[in-house]
**Student:** 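Following this message is one structure expressed as structure tokens.
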Amino acid sequence: MTELTDPVRLRPATLADTARIFAWQTSPGLRAFARHPEPPNWDEHQSWMTQCLTDPRRHLLVIEHRGAPAGVLRLDEIDHDGLAGREVSILIAPAHHGQGVATLALRAAVAGWNDRPLLAEIRPDHLASIRAFAKAGFRPLNESWYSFPPRGQGAPR
């Protein structure tokens, strides 16, 4: 669990979060920029949750904003195509869009999980994500990959 002076904290997800995360994942338009834009069905989501919660190379964290669940942040251990570290994936609940929650959650991830480079694949047309990651200190590696710490401070090349 990561706590900051900001009104955001990250806590490990549990099976009790399954329905809430499913509702977020199936919100209209929310997956438009996702690697897999089609929302899962309930059975697929339950299987995914179980996998996330049992895989030691994956960390599924619920973002809480001012005490209320506001999204989910996932950290996956990766080592492929010259990139090694933890890949960050973030989803903010529609009710919390436009409040800076993504940036605060990413800063919390950086503060709590900085023993390896943090990496994110972001579509070039997803400007809101690019801005949030940049405000949290992530820097571009190429057209679609971003890293923290910034290049020259231990980030992959």
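These numbers come from a predicted model, not from an experiment. FYI, the numbering just counts along the sequence from 1. Basis for what follows: all heavy atoms, side chains included, without hydrogens, waters or symmetry-related copies.
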**Student:** Where is the tightest heavy-atom contact between P69 and H96, given as atom of each residue plus distance?
**Tutor:**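 Result for this residue pair: O-NE2, 3.5 Å.
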**Student:** If I compare all heavy atoms of L60 with all of C52, which pair ends up nearest, and what's the gap?
**Tutor:**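 Smallest heavy-atom distance, with atoms named: CD2-CB, 3.9 Å.
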**Student:** Could you check whether the rings of H45 and F22 sit parallel, tilted or perpendicular, using 30° and 60° as the cut-offs?
**Tutor:** tilted
**Student:** In Å, rounded to the nearest 0.5 Å, how long is the span from CG of N41 to CD of Q25?
**Tutor:** 11.5 Å
**Student:** Would you call L118 and L75 a side-chain contact if the rule is heavy atoms closer than 4.5 Å?
**Tutor:** yes
**Student:** May I ask you to test the E121-S144 pair for a side-chain heavy-atom distance under 4.5 Å?
**Tutor:** yes
**Student:** Is there a path of hydrophobic side-chain contacts, each under 4.5 Å between heavy atoms, that joins V72 and L15?
**Tutor:**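 Looking at the clustering, L15 is in the same group as V72.
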**Student:** Testing the basics here: between T14 and M49, what is the closest heavy-atom pair and its distance to 0.1 Å?
**Tutor:** O-CE, 3.6 Å
**Student:** Would I90 end up clustered with L30 when hydrophobic side chains under 4.5 Å apart are linked, directly or stepwise?
**Tutor:** no
**Student:** Tell me whether L91 shares a hydrophobic cluster with W48, the cluster being built from Ile, Leu, Val, Met, Phe, Trp, Tyr side chains joined at under 4.5 Å.
**Tutor:** yes
**Student:** Are I78 and L141 connected, step by step, through hydrophobic side chains (Ile, Leu, Val, Met, Phe, Trp, Tyr) whose heavy atoms are closer than 4.5 Å?
**Tutor:** yes
**Student:** Would you say I130 and Y146 make side-chain contact, with heavy atoms under 4.5 Å?
**Tutor:**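 In contact.
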**Student:** Just jot down the side chain to side chain donor-acceptor pair (under 3.5 Å) partners of R66, sequence neighbours excluded, or say none.
**Tutor:**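 Partners of R66 by the side chain to side chain donor-acceptor pair (under 3.5 Å) criterion come out as none, since no residue qualifies.
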**Student:** When you measure from the side chain of D81 to the backbone of L83, do you find a donor-acceptor pair of N or O atoms at a distance under 3.5 Å?
**Tutor:** no
**Student:** Which of parallel (below 30°), tilted (30 to 60°) and perpendicular (above 60°) describes F148 and F138?
**Tutor:** tilted
**Student:** State whether R86 and E77 are salt-bridged, where the test is any N-O pair (Lys NZ or Arg NE/NH1/NH2 against Asp/Glu carboxylate O) under 4.0 Å.
**Tutor:** yes
**Student:** Quick one: does any side-chain atom of R31 pair with a main-chain N or O of H36 as donor and acceptor, under 3.5 Å?
**Tutor:** yes
**Student:** On a heavy-atom basis, which atom in A70 and which in H65 lie closest, and how many Å separate them?
**Tutor:** CB-CB, 3.7 Å
**Student:** If you measure from OG on S89 to CG on L119, what distance do you get to the nearest 0.5 Å?
**Tutor:** 13.0 Å
**Student:** Is it true that L104 and I63 fall in one hydrophobic cluster, defined by side-chain heavy atoms closer than 4.5 Å?
**Tutor:**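 Yes, L104 connects to I63 through the hydrophobic network.
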**Student:** Looking at every heavy atom in both D17 and P12, which two are closest together, and how far apart are they?
**Tutor:** OD2-O, 4.4 Å
**Student:** Are side-chain heavy atoms of F33 and D125 found at a separation under 4.5 Å?
**Tutor:**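 Heavy-atom side-chain distance check passes, below 4.5 Å.
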**Student:** Can you tell me if T50 uses its side chain to pair, donor with acceptor, with the backbone of Q46 under 3.5 Å?
**Tutor:**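 Answer holds: yes.
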**Student:** Do you know which two heavy atoms are closest between A120 and F133, and how far apart they sit?
**Tutor:** CB-CE2, 3.3 Å
**Student:** State which residue, out of R57, R58, R35, fulfils the salt bridge (Lys or Arg N to Asp or Glu O under 4.0 Å) condition with E87.
**Tutor:**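 Option passing the salt bridge (Lys or Arg N to Asp or Glu O under 4.0 Å) with E87: R35.
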